[in-house]
Q: 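Please see the structure below; I have some questions.
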Amino acid sequence: MPELPEVETVCRGLAVRLEGRRLARVLARRKNLRFPLPKDFAGRLTGRTVRTVRRRAKYIVIELDDGAVLLAHLGMSGRMYAAPLGREAEKHDHVEFETDDGTLIVFNDARRFGMMDLIAPGHALEDHKLLRGLGPEPLGNEFSGPVLSAALAGKKTPIKAALLDQRVVAGLGNIYVSEALFRAGISPRRLAASVAGARAERLVPEIKNVLTESIAAGGSSLRDYVQADGELGFFQDGFRVYGRKGLPCPACARPVRQIVQSGRSTFFCGHCQG
DNA sequence: CGCGCTCCCTGGCCGC
DNA sequence: TGCGGCCAGGGAGCGC
(Lines give C-alpha, C1' and ligand atoms only; values in the text may rest on other atoms or scores of the structure.)
Protein backbone atom coordinates (compact mmCIF):
# COMPACT_ATOMS: atom_id res chain seq x y z
CA MET A 1 0.00 0.00 0.00
CA PRO A 2 1.42 2.92 1.36
CA GLU A 3 4.46 4.46 -0.11
CA LEU A 4 5.98 7.74 0.98
CA PRO A 5 3.08 10.05 -0.02
CA GLU A 6 0.49 7.88 1.73
CA VAL A 7 2.56 7.58 4.90
CA GLU A 8 3.25 11.31 4.84
CA THR A 9 -0.46 12.04 4.52
CA VAL A 10 -1.32 9.70 7.39
CA CYS A 11 1.39 11.28 9.56
CA ARG A 12 0.05 14.77 8.96
CA GLY A 13 -3.43 13.64 9.92
CA LEU A 14 -2.18 11.85 13.00
CA ALA A 15 -0.10 14.86 14.06
CA VAL A 16 -3.20 17.05 14.23
CA ARG A 17 -5.00 14.51 16.39
CA LEU A 18 -2.19 13.24 18.58
CA GLU A 19 0.41 15.92 19.18
CA GLY A 20 0.11 17.28 22.70
CA ARG A 21 -2.50 14.67 23.60
CA ARG A 22 -2.16 12.13 26.36
CA LEU A 23 -2.79 8.47 25.50
CA ALA A 24 -5.52 7.65 27.99
CA ARG A 25 -6.07 4.09 26.78
CA VAL A 26 -4.08 1.75 24.56
CA LEU A 27 -5.48 -1.61 23.53
CA ALA A 28 -3.43 -4.24 21.70
CA ARG A 29 -6.08 -6.62 20.51
CA ARG A 30 -3.76 -8.66 18.33
CA LYS A 31 -0.16 -8.88 19.46
CA ASN A 32 1.36 -10.62 16.47
CA LEU A 33 1.57 -8.27 13.54
CA ARG A 34 4.49 -8.82 11.19
CA PHE A 35 6.59 -9.04 14.33
CA PRO A 36 5.31 -9.59 17.85
CA LEU A 37 4.53 -6.37 19.68
CA PRO A 38 7.14 -5.57 22.33
CA LYS A 39 6.51 -6.69 25.87
CA ASP A 40 4.10 -4.51 27.84
CA PHE A 41 3.30 -2.50 24.70
CA ALA A 42 0.10 -0.96 26.04
CA GLY A 43 1.53 -0.38 29.49
CA ARG A 44 4.54 1.49 28.20
CA LEU A 45 2.33 3.81 26.13
CA THR A 46 -0.61 4.43 28.43
CA GLY A 47 -0.43 7.79 30.18
CA ARG A 48 2.30 9.13 27.89
CA THR A 49 1.83 12.38 26.00
CA VAL A 50 2.63 12.51 22.29
CA ARG A 51 5.29 15.06 21.51
CA THR A 52 5.52 14.78 17.72
CA VAL A 53 4.38 12.62 14.82
CA ARG A 54 6.64 12.48 11.80
CA ARG A 55 7.72 10.22 8.95
CA ARG A 56 11.03 8.54 8.10
CA ALA A 57 10.99 6.56 4.85
CA LYS A 58 7.71 4.61 5.09
CA TYR A 59 7.77 4.54 8.88
CA ILE A 60 5.50 6.54 11.16
CA VAL A 61 7.53 7.92 14.04
CA ILE A 62 5.61 8.97 17.16
CA GLU A 63 7.78 10.56 19.81
CA LEU A 64 6.54 10.50 23.40
CA ASP A 65 7.16 12.80 26.35
CA ASP A 66 9.46 10.32 28.09
CA GLY A 67 11.72 10.17 25.04
CA ALA A 68 10.45 6.78 23.88
CA VAL A 69 9.40 6.38 20.27
CA LEU A 70 6.48 4.42 18.85
CA LEU A 71 7.48 3.16 15.42
CA ALA A 72 4.81 1.96 13.00
CA HIS A 73 4.88 0.60 9.46
CA LEU A 74 1.71 0.04 7.44
CA GLY A 75 3.06 -2.76 5.26
CA MET A 76 0.80 -3.39 2.28
CA SER A 77 -2.65 -3.08 3.77
CA GLY A 78 -2.22 -1.17 7.01
CA ARG A 79 -4.32 1.87 7.90
CA MET A 80 -4.22 4.29 10.80
CA TYR A 81 -7.22 6.51 11.11
CA ALA A 82 -9.57 8.21 13.52
CA ALA A 83 -12.81 6.40 14.27
CA PRO A 84 -15.82 7.30 16.41
CA LEU A 85 -15.34 6.52 20.06
CA GLY A 86 -17.36 3.53 21.18
CA ARG A 87 -17.85 2.15 17.69
CA GLU A 88 -18.03 -1.57 17.10
CA ALA A 89 -14.52 -2.89 16.41
CA GLU A 90 -14.03 -3.99 12.82
CA LYS A 91 -12.25 -7.02 11.49
CA HIS A 92 -8.46 -6.56 11.58
CA ASP A 93 -8.58 -3.69 14.07
CA HIS A 94 -5.38 -4.73 15.85
CA VAL A 95 -4.44 -1.76 18.02
CA GLU A 96 -6.41 1.19 19.40
CA PHE A 97 -5.21 4.46 20.91
CA GLU A 98 -7.61 6.70 22.77
CA THR A 99 -6.53 10.22 23.69
CA ASP A 100 -7.50 12.36 26.66
CA ASP A 101 -9.72 14.47 24.40
CA GLY A 102 -11.73 11.49 23.21
CA THR A 103 -10.09 10.75 19.88
CA LEU A 104 -9.82 7.12 18.86
CA ILE A 105 -7.00 6.12 16.52
CA VAL A 106 -7.23 2.63 15.04
CA PHE A 107 -4.46 0.54 13.50
CA ASN A 108 -6.17 -1.86 11.08
CA ASP A 109 -4.22 -4.23 8.87
CA ALA A 110 -5.80 -7.16 7.04
CA ARG A 111 -2.61 -8.73 5.77
CA ARG A 112 -0.56 -8.02 8.87
CA PHE A 113 2.54 -7.07 6.94
CA GLY A 114 2.56 -3.95 9.07
CA MET A 115 4.43 -3.67 12.34
CA MET A 116 4.79 -1.61 15.48
CA ASP A 117 7.69 -1.34 17.85
CA LEU A 118 8.78 0.77 20.79
CA ILE A 119 12.19 2.37 21.02
CA ALA A 120 13.23 2.93 24.61
CA PRO A 121 14.22 6.43 25.76
CA GLY A 122 17.80 7.30 24.96
CA HIS A 123 18.05 5.07 21.91
CA ALA A 124 18.60 6.79 18.58
CA LEU A 125 15.89 6.23 16.01
CA GLU A 126 18.36 5.59 13.21
CA ASP A 127 20.02 2.83 15.24
CA HIS A 128 16.86 0.75 15.14
CA LYS A 129 17.37 -2.50 13.29
CA LEU A 130 14.81 -1.61 10.64
CA LEU A 131 15.95 1.98 10.08
CA ARG A 132 19.66 1.44 10.10
CA GLY A 133 21.03 1.70 6.58
CA LEU A 134 18.08 3.57 5.10
CA GLY A 135 19.03 5.91 2.29
CA PRO A 136 18.24 9.62 2.07
CA GLU A 137 14.75 11.09 2.11
CA PRO A 138 13.86 11.77 -1.52
CA LEU A 139 12.20 15.08 -0.68
CA GLY A 140 15.13 16.33 1.36
CA ASN A 141 17.73 18.75 0.02
CA GLU A 142 20.36 16.11 0.58
CA PHE A 143 18.82 13.95 -2.17
CA SER A 144 20.44 15.20 -5.37
CA GLY A 145 21.73 13.98 -8.70
CA PRO A 146 25.26 13.38 -7.40
CA VAL A 147 23.97 11.57 -4.32
CA LEU A 148 21.78 9.28 -6.41
CA SER A 149 24.61 8.75 -8.89
CA ALA A 150 26.91 7.66 -6.12
CA ALA A 151 24.33 5.22 -4.77
CA LEU A 152 23.77 3.70 -8.22
CA ALA A 153 27.40 3.48 -9.26
CA GLY A 154 28.46 -0.11 -9.84
CA LYS A 155 24.96 -1.50 -9.29
CA LYS A 156 24.20 -4.36 -11.63
CA THR A 157 20.44 -4.46 -11.05
CA PRO A 158 17.86 -2.80 -13.28
CA ILE A 159 17.11 0.76 -12.18
CA LYS A 160 13.59 -0.34 -11.19
CA ALA A 161 14.97 -2.71 -8.57
CA ALA A 162 17.58 -0.21 -7.39
CA LEU A 163 14.97 2.46 -6.70
CA LEU A 164 12.90 -0.01 -4.68
CA ASP A 165 15.98 -0.65 -2.53
CA GLN A 166 15.40 1.54 0.54
CA ARG A 167 19.17 1.87 1.04
CA VAL A 168 19.44 3.80 -2.22
CA VAL A 169 16.59 6.18 -1.50
CA ALA A 170 14.03 5.71 1.26
CA GLY A 171 10.31 5.80 0.65
CA LEU A 172 9.68 4.86 -2.96
CA GLY A 173 7.58 1.80 -3.73
CA ASN A 174 6.28 -0.02 -6.75
CA ILE A 175 3.90 2.69 -7.95
CA TYR A 176 6.08 5.76 -7.69
CA VAL A 177 9.12 4.07 -9.15
CA SER A 178 7.19 3.31 -12.34
CA GLU A 179 5.80 6.84 -12.41
CA ALA A 180 9.13 8.57 -11.79
CA LEU A 181 10.95 6.51 -14.43
CA PHE A 182 8.25 7.32 -16.96
CA ARG A 183 8.47 11.04 -16.23
CA ALA A 184 12.25 10.94 -16.56
CA GLY A 185 12.10 8.94 -19.81
CA ILE A 186 14.26 6.15 -18.40
CA SER A 187 13.61 2.48 -19.10
CA PRO A 188 12.95 0.44 -15.94
CA ARG A 189 15.19 -2.25 -17.45
CA ARG A 190 18.21 0.02 -17.81
CA LEU A 191 21.17 -1.04 -15.70
CA ALA A 192 21.24 1.08 -12.54
CA ALA A 193 24.91 1.96 -13.00
CA SER A 194 24.13 3.48 -16.41
CA VAL A 195 21.66 5.90 -14.83
CA ALA A 196 24.39 7.50 -12.74
CA GLY A 197 25.28 10.85 -14.32
CA ALA A 198 23.01 12.91 -16.56
CA ARG A 199 20.08 10.52 -16.22
CA ALA A 200 20.28 10.69 -12.45
CA GLU A 201 20.16 14.49 -12.69
CA ARG A 202 16.97 14.13 -14.71
CA LEU A 203 15.47 11.47 -12.47
CA VAL A 204 15.86 13.17 -9.10
CA PRO A 205 13.55 16.13 -9.84
CA GLU A 206 10.97 13.76 -11.32
CA ILE A 207 11.01 11.65 -8.16
CA LYS A 208 10.48 14.78 -6.11
CA ASN A 209 7.73 16.01 -8.42
CA VAL A 210 5.66 12.86 -8.41
CA LEU A 211 5.91 12.48 -4.63
CA THR A 212 5.03 16.12 -4.02
CA GLU A 213 2.06 15.99 -6.37
CA SER A 214 0.77 12.84 -4.73
CA ILE A 215 1.06 14.29 -1.23
CA ALA A 216 -0.92 17.30 -2.43
CA ALA A 217 -3.63 14.88 -3.61
CA GLY A 218 -3.72 13.04 -0.28
CA GLY A 219 -1.88 10.01 -1.68
CA SER A 220 -3.24 7.20 -3.86
CA SER A 221 -6.11 4.96 -2.80
CA LEU A 222 -6.09 1.68 -4.70
CA ARG A 223 -7.41 -0.84 -2.21
CA ASP A 224 -6.88 -0.32 1.44
CA TYR A 225 -5.34 3.07 1.87
CA VAL A 226 -7.20 5.86 3.61
CA GLN A 227 -5.98 9.10 5.16
CA ALA A 228 -6.05 9.57 8.92
CA ASP A 229 -9.50 11.15 8.64
CA GLY A 230 -10.78 8.13 6.70
CA GLU A 231 -10.95 10.04 3.42
CA LEU A 232 -9.56 8.52 0.24
CA GLY A 233 -6.57 9.95 -1.59
CA PHE A 234 -7.02 10.67 -5.27
CA PHE A 235 -3.57 10.68 -6.86
CA GLN A 236 -4.40 7.35 -8.55
CA ASP A 237 -6.23 9.53 -11.08
CA GLY A 238 -2.86 11.10 -11.86
CA PHE A 239 -1.02 7.87 -12.68
CA ARG A 240 0.51 8.04 -16.14
CA VAL A 241 1.57 4.39 -16.47
CA TYR A 242 0.96 2.49 -13.23
CA GLY A 243 -1.95 0.06 -13.64
CA ARG A 244 -2.53 1.26 -17.20
CA LYS A 245 -1.41 -1.75 -19.22
CA GLY A 246 -2.64 -1.46 -22.81
CA LEU A 247 -3.92 2.08 -22.37
CA PRO A 248 -2.31 4.83 -24.45
CA CYS A 249 0.90 6.40 -23.21
CA PRO A 250 0.04 9.99 -22.29
CA ALA A 251 2.99 11.21 -24.35
CA CYS A 252 2.98 9.09 -27.53
CA ALA A 253 -0.30 7.12 -27.35
CA ARG A 254 1.40 3.77 -27.83
CA PRO A 255 0.09 1.15 -25.40
CA VAL A 256 1.61 1.08 -21.92
CA ARG A 257 3.44 -2.18 -21.25
CA GLN A 258 3.52 -4.30 -18.13
CA ILE A 259 6.45 -6.55 -17.24
CA VAL A 260 7.55 -8.35 -14.09
CA GLN A 261 10.85 -7.38 -12.48
CA SER A 262 12.11 -9.05 -9.32
CA GLY A 263 8.67 -10.51 -8.87
CA ARG A 264 6.71 -7.28 -9.11
CA SER A 265 4.82 -5.49 -11.86
CA THR A 266 6.46 -2.64 -13.71
CA PHE A 267 4.55 -0.35 -16.07
CA PHE A 268 6.30 1.72 -18.74
CA CYS A 269 6.21 3.03 -22.28
CA GLY A 270 8.62 1.13 -24.52
CA HIS A 271 8.86 4.10 -26.86
CA CYS A 272 9.29 7.06 -24.50
CA GLN A 273 11.55 5.35 -22.00
CA GLY A 274 14.93 4.59 -23.51
C1' DC B 1 28.59 -8.29 -0.04
C1' DG B 2 25.23 -8.13 -3.86
C1' DC B 3 21.51 -9.98 -6.08
C1' DG B 4 17.11 -12.59 -6.99
C1' DC B 5 13.56 -15.29 -5.17
C1' DT B 6 10.28 -16.86 -1.73
C1' DC B 7 7.46 -16.09 1.72
C1' DC B 8 4.68 -13.79 5.42
C1' DC B 9 -1.15 -12.90 5.28
C1' DT B 10 -5.84 -11.77 3.75
C1' DG B 11 -9.09 -10.33 0.45
C1' DG B 12 -10.85 -9.01 -4.07
C1' DC B 13 -11.51 -10.19 -8.64
C1' DC B 14 -11.82 -13.18 -12.67
C1' DG B 15 -13.03 -17.26 -15.02
C1' DC B 16 -15.23 -21.56 -14.91
C1' DT C 1 -23.20 -18.51 -5.73
C1' DG C 2 -19.20 -21.28 -5.17
C1' DC C 3 -14.49 -22.40 -5.79
C1' DG C 4 -9.71 -22.20 -7.45
C1' DG C 5 -6.17 -19.38 -9.13
C1' DC C 6 -4.00 -15.15 -9.40
C1' DC C 7 -2.78 -10.69 -7.94
C1' DA C 8 -1.85 -6.81 -4.64
C1' DG C 9 1.12 -0.65 -2.49
C1' DG C 10 6.55 -4.04 1.58
C1' DG C 11 10.48 -6.01 2.95
C1' DA C 12 13.07 -9.69 5.85
C1' DG C 13 15.62 -13.63 5.12
C1' DC C 14 17.66 -17.11 2.55
C1' DG C 15 20.63 -19.32 -0.88
C1' DC C 16 23.84 -18.68 -4.40
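Naming: A, B, ... by sequence-line order, numbering from 1 per chain. Nothing here was measured: the structure is a model prediction, and the numbers come from that model.
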Q: Assign each of A/F35 and A/S220 to its nearest nucleotide of DNA chain C by heavy atoms, then name whichever residue's nucleotide is nearer the 5' end.
A: A/S220
Q: With the criterion set at under 5.5 Å between ring centres and under 30 degrees between planes, would C/dG10 be stacked on A/F113?
A: yes
Q: Of all the choices, C/dG10, B/dG11, B/dG4, which nucleotide is nearest to the side chain of A/A110 once you look at every atom?
A: B/dG11
Q: With a 4.5 Å cut-off on side-chain heavy atoms, are A/V177 and A/T266 touching?
A: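 SC-SC contact between A/T266 and A/V177 ruled out.
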Q: Looking at C/dG10, B/dG11, B/dC3, which one has an atom nearest to any side-chain atom of A/K91?
A: B/dG11
Q: Between A/E3 and A/K58 (side chain of the first, backbone of the second, donor and acceptor by atom type, cut-off under 3.5 Å), is there such a pair?
A: no
Q: Between A/L222 and A/K129, which is nearer to the 5' end of DNA chain C once each is assigned its nearest nucleotide?
A: A/L222
Q: State, yes or no, whether a side-chain contact exists between A/H94 and A/L37 at a heavy-atom distance under 4.5 Å.
A: no
Q: Would one find a side-chain N or O of A/K58 under 4.0 angstrom from OP1 or OP2 of C/dG9?
A: no
Q: Take the protein atom CG of A/L130 and the nucleotide atom P of C/dG11, then report the distance between them rounded to whole Å.
A: 10 Å
Q: Rounded to whole angstrom units, what separation is found between the CG atom of A/N108 and the P atom of B/dT10?
A: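 Rounded to the whole Å, the gap is 13 Å.
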Q: Within a strict 4.5 Å, meaning less than it, do heavy atoms of the A/R199 and A/L203 side chains meet?
A: no
Q: With no hydrogens and no angle check, just 3.5 Å: does a side-chain donor-acceptor pair link A/Q227 and A/T9?
A: no
Q: On DNA chain B, check which nucleotide each of A/R112 and A/A161 is closest to and give me the residue with the more 5' one.
A: A/A161
Q: If a pair means Watson-Crick or G-U wobble with both distances below 3.5 Å, what does DNA chain B look like in dot-bracket form, with | marking bases paired to a different strand?
A: .|||||||.|||||||
Q: Check whether any side-chain N or O of A/Q166 sits under 4.0 Å from OP1 or OP2 of C/dG10, and answer yes or no.
A: no
Q: Check the phosphate of C/dG9 against A/Y242, side-chain N and O only, distance under 4.0 Å to OP1 or OP2. Yes or no?
A: yes
Q: Roughly how many Å is it from CG in A/D93 to P in B/dT10, rounded to a whole number?
A: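 These atoms are roughly 15 Å apart.
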Q: Quick one, A/N174 and A/K160 - any side-chain contact, counting heavy atoms below 4.5 Å?
A: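 Answer yes - side chains close enough.
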Q: Around atom CZ of A/R25, are there more than 12 heavy atoms of other residues, nucleotides or ligands at under 6.0 Å?
A: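 Yes, the 6.0 Å shell around CZ holds more than 12 heavy atoms from other groups.
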Q: Taking only the P atom of each, what is the distance from C/dC14 to B/dC9 in whole angstrom?
A: 16 Å
Q: Starting at atom CZ of A/F239, determine the distance to atom C1' of C/dG9, rounded to an integer number of angstrom.
A: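 Answer to the nearest Å: 9 Å.
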Q: State whether A/K155 places a side-chain N or O below 4.0 Å from either non-bridging phosphate oxygen (OP1 or OP2) of B/dC3.
A: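 Yes, such a contact exists.
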Q: For B/dC3 versus C/dG9, give the span between their C1' atoms, rounded off to a whole number of Å.
A: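 Straight-line distance between the two C1' atoms is 23 Å.
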Q: Go through C/dA8, C/dA12, B/dG11 for me and flag the one nearest to the A/Q258 side chain.
A: C/dA8
Q: State whether A/R264 places a side-chain N or O below 4.0 Å from either non-bridging phosphate oxygen (OP1 or OP2) of C/dG10.
A: yes
Q: Just N and O in the side chain of A/H92: are any of them under 4.0 Å from OP1 or OP2 of B/dG11?
A: yes
Q: Look at A/S265 and C/dC7 and indicate whether a side-chain polar atom (N or O) is within less than 4.0 Å of OP1 or OP2.
A: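 No.
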Q: Roughly how many Å is it from CG in A/D109 to C1' in B/dT10, rounded to a whole number?
A: 9 Å
Q: Report the relative orientation of the aromatic rings in A/Y176 and A/F239; use parallel for angles under 30°, tilted for 30 to 60°, perpendicular for over 60°.
A: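 The arrangement is perpendicular - the two ring planes meet at more than 60°.
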Q: What is the distance, to the nearest angstrom, from the CD1 atom on A/I259 to the P atom on C/dC7?
A: 15 Å
Q: How long is the line joining CG of A/L164 and P of B/dG4, in whole Å?
A: 12 Å
Q: Select base, sugar-phosphate, or nothing to describe what A/F235 touches, counting heavy atoms under 4.0 Å on all strands.
A: nothing
Q: When the distance from CD of A/Q261 to P of B/dC3 is rounded to whole Å, what number comes out?
A: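 The answer, rounded to whole Å, is 14 Å.
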Q: Can you see which heavy atom on A/R190 is nearest to which on A/I186, and at what distance?
A: CD-CG2, 4.0 Å
Q: For A/G173, report the nucleic acid contact type (base, sugar-phosphate, nothing); a contact means any heavy atom under 4.0 Å.
A: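 Contact class for A/G173: sugar-phosphate only.
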